[in-house]
There are 2 protein chains.
Amino acid sequence: MTGAGEHGTRERILAVAETFLGDFGYHGTRLHQIAQQVGIQKASLFHYFASKADLYHAVIEEGFGETEQTVRRVLEAPTAPLVKACALVEAYVDMVAAHPARTKIFLRQSFGDAPAGFERALDLQRLLSLVVGFIADGQAARAFAPVDPLALVLSIIGMVAFFFTSAPVVVPGFAEPGSASVARIKQHAVTVVQRCLTDGEPPKLAAAEAAA
Amino acid sequence: MTGAGEHGTRERILAVAETFLGDFGYHGTRLHQIAQQVGIQKASLFHYFASKADLYHAVIEEGFGETEQTVRRVLEAPTAPLVKACALVEAYVDMVAAHPARTKIFLRQSFGDAPAGFERALDLQRLLSLVVGFIADGQAARAFAPVDPLALVLSIIGMVAFFFTSAPVVVPGFAEPGSASVARIKQHAVTVVQRCLTDGEPPKLAAAEAAA
DNA sequence: GTCTATATAGGGATAGAC
DNA sequence: GTCTATCCCTATATAGAC
């Protein structure tokens with residue numbers, strides 16, 4: 001798009017930047033490290049991106065775009081509610097497992113990092129609403145048990161993200177990329193969703209113990 | 001220990017530093033901001049802490065100590081397995097809700113931030129093993145359903161942390177400190193654990209916990 | 001489009017008076 | 001124990017040749 005003789009240097013910069021931004025955060029990432037890893041000089045970065053913040057935003061945009069695409073694709077498939085819910089979880093696990101650095105960046109962004117600006121928060125809310133709406137619709141149609149929809153969706157997002165970003169530090173080798181851990185995690189996440197959505201009998205008795 | 005006329009400046013520094021380290025991370029936190037918030041000069045910080053890294057470690061140590069204490073206290077209580085599991089979740093939710101900044105710091109630390117050093121990772125593993133062991137023991141005694149113990153514990157840790165650190169950004173006012181959101185989140189987390197540990201069976205604990 | 005300088009600023013840390 | 005003043009280093013960003 002930008003020209004004819006493009007080797008993809010810009011893309012390589014984005015990829016390298018993603019790993020560093022994930023591991024060290026925006027303020028902890030040094031441009032000279034990125035340049036060194038890519039194999040160019042630090043000053044050359046400014047030919048592709050106006051500033052460090054600009055590079056950061058580009059990484060965020062790319063990541064968010066792919067995430068949104070994946071979620072929408074699964075959501076629009078013509079499958080049964082519970083099947084779609086499980087497919088959503090599996091696709092999300094695959095995505096996070098494939099891009100742990102990106103996930104770290106998203107989490108850091110939500111913590112308050114970032115060089116200001118960044119108005120994609122609204123898009124994020126719309127995407128979340130889409131998923132929550134899907135759950136709520138399923139409950140209205142009696143396909144799902146009456147669990148707090150928003151809390152459930154946030155639970156899955158948070159737990160899966162935690163598996164691939166924080167857990168490996170506490171439990172070495174837990175979410176290793178190629179190992180069987182991915183299958184294990186996927187299995188667990190699906191199990192949790194199923195148990196939360198298919199209770200069968202509405203547990204109204206749960207109110208009794210809320211006294212504690 | 002240090003003297004008689006101590007007003008607690010050190011403690012105030014630690015408290016202020018915790019909020020900044022949580023919101024901006026280690027590299028994003030500026031010492032002059034901390035000093036300004038405390039009401040002293042930047043250079044005065046070095047009277048209490050040898051370096052920025054030293055201050056960071058002090059914050060981490062304090063946070064980890066309180067966390068460990070809380071978990072052990074609940075774990076050593078003489079209560080039934082399922083009651084104890086729920087109590088553990090509730091105590092954890094209260095703790096994270098009371099210290100969101102500390103939670104952010106822990107998460108950032110696990111991402112790879114931090115000024116190196118910090119060998120408390122081993123203690124963290126032991127604490128985690130304690131909780132996982134409690135679940136596994138309960139399963140061996142047929143008190144819990146056969147769910148992946150490690151995955152379950154990590155799930156709760158990740159989901160609750162996400163609720164109070166990331167979710168508020170995506171869903172404004174979700175985990176507001178004083179609001180009813182804390183009760184809502186606690187209810188949800190307990191529900192998830194119950195459904196994962198009781199395999200659909202109605203919990204037979206309703207009476208026991210009211211006494212507490 | 002990539003390079004070699006270099007400008008500019010900001011932040012951690014120290015020295016030493018009070 | 002707190003201050004003012006300052007050192008020193010590093011990191012972003014720019015200028016301009018090739």
Side-chain angles (χ1 to χ4, degrees), chain A residues 1-60 105 108-109 112-118, chain B residues 1-60 105 108-109 112-118:
Chain A
M1 283 315 199
T2 56
E6 187 65 54
H7 294 74
T9 307
R10 185 189 156 95
E11 283 66 29
R12 290 179 53 212
I13 295 173
L14 283 171
V16 172
E18 189 177 89
T19 67
F20 277 106
L21 289 171
D23 285 341
F24 303 107
Y26 178 78
H27 296 284
T29 295
R30 309 299 167 189
L31 292 184
H32 77 88
Q33 290 180 319
I34 296 177
Q36 187 178 20
Q37 187 82 4
V38 174
I40 60 178
Q41 285 300 312
K42 183 179 57 177
S44 301
L45 293 173
F46 291 91
H47 177 74
Y48 297 93
F49 302 95
S51 66
K52 184 183 181 183
D54 188 48
L55 170 58
Y56 175 77
H57 286 137
V59 171
I60 289 269
I105 295 173
R108 288 192 134 106
Q109 167 76 26
D113 224 286
F118 183 57
Chain B
M1 287 309 220
T2 56
E6 187 65 54
H7 294 74
T9 306
R10 186 188 155 95
E11 282 67 29
R12 290 179 52 213
I13 295 174
L14 282 171
V16 172
E18 188 176 270
T19 67
F20 277 106
L21 290 171
D23 285 340
F24 303 108
Y26 178 78
H27 297 285
T29 295
R30 309 301 168 189
L31 291 184
H32 77 87
Q33 290 179 319
I34 296 177
Q36 187 177 20
Q37 187 81 6
V38 174
I40 60 177
Q41 284 300 313
K42 183 177 61 172
S44 300
L45 293 173
F46 291 90
H47 177 73
Y48 297 94
F49 303 95
S51 66
K52 185 183 181 182
D54 188 48
L55 170 57
Y56 175 76
H57 286 137
V59 171
I60 289 270
I105 296 173
R108 287 192 135 105
Q109 167 76 26
D113 224 286
F118 183 58

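Per chain, numbering begins at 1; letters A, B, ... match sequence-line order. The figures here come from the full heavy-atom set of this structure, side chains too, leaving out hydrogens, waters and symmetry mates.
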Heavy-atom closest contact ([X] atom, [Y] atom, distance):
| X | Y | answer |
| --- | --- | --- |
| B:Leu21 | B:Tyr26 | CD2-CA, 3.8 Å |
| A:Leu31 | A:Phe46 | CD1-CZ, 3.7 Å |
| B:Gln33 | B:Gly28 | OE1-O, 4.5 Å |
| A:Gln109 | A:Tyr56 | OE1-OH, 2.5 Å |

Let me know the distance between [atom1] of [X] and [atom2] of [N], rounded to the nearest Å.
| X | N | atom1 | atom2 | answer |
| --- | --- | --- | --- | --- |
| B:Arg10 | D:dT2 | CZ | P | 13 Å |
| B:Phe49 | D:dG1 | CZ | C1' | 14 Å |
| B:Phe46 | C:dG16 | CZ | C1' | 16 Å |
| B:Leu55 | C:dG11 | CG | C1' | 15 Å |
| B:Lys52 | C:dG10 | NZ | C1' | 12 Å |

If you check every side-chain atom of A:Tyr48, which of D:dT2, C:dG1, D:dT12 has the closest atom?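 Minimum distance to the A:Tyr48 side chain belongs to C:dG1.
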
Listed in order of residue number, which residues of residues 22-36 of chain B have a non-hydrogen atom at under 4.0 Å from DNA chain D?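 Residues of residues 22-36 of chain B that come under 4.0 Å of DNA chain D do not exist, since none gets that close.
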
Under 3.5 Å between N/O atoms: give me all the protein pairs with nucleotides 3-7 of chain D, atom names plus distance.
{"residue": "D:dC3", "atom": "OP2", "partner": "B:Gln41", "partner atom": "N", "Å": "2.7"}
{"residue": "D:dC3", "atom": "OP2", "partner": "B:Ser44", "partner atom": "OG", "Å": "2.8"}

Report the residues that fulfil side-chain hydrogen bond (donor to acceptor under 3.5 Å, both in side chains) with B:Asp23, sequence neighbours left out, ordered by chain and then residue number. B:Lys104

If we ignore hydrogens and angles and just use 3.5 Å, is the side chain of A:Lys42 paired with the main-chain N or O of A:Arg30 as donor and acceptor?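 Not confirmed, A:Lys42 side chain does not pair with A:Arg30 backbone.
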
Passes side-chain contact (heavy atoms from CB on, under 4.5 Å), B:Val59 versus B:Ile105? Steps please. CA-CA 9 Å; B:Val59 171; B:Ile105 296 173; 3.9 Å; yes

Ignoring backbone atoms, establish whether A:His47 has a side-chain N or O less than 4.0 Å from OP1 or OP2 of C:dG1. yes

Given B:Leu14 and B:Tyr48, is the side-chain contact (heavy atoms from CB on, under 4.5 Å) satisfied, shown in steps? CA-CA 10 Å; B:Leu14 282 171; B:Tyr48 297 94; over 6 Å; no

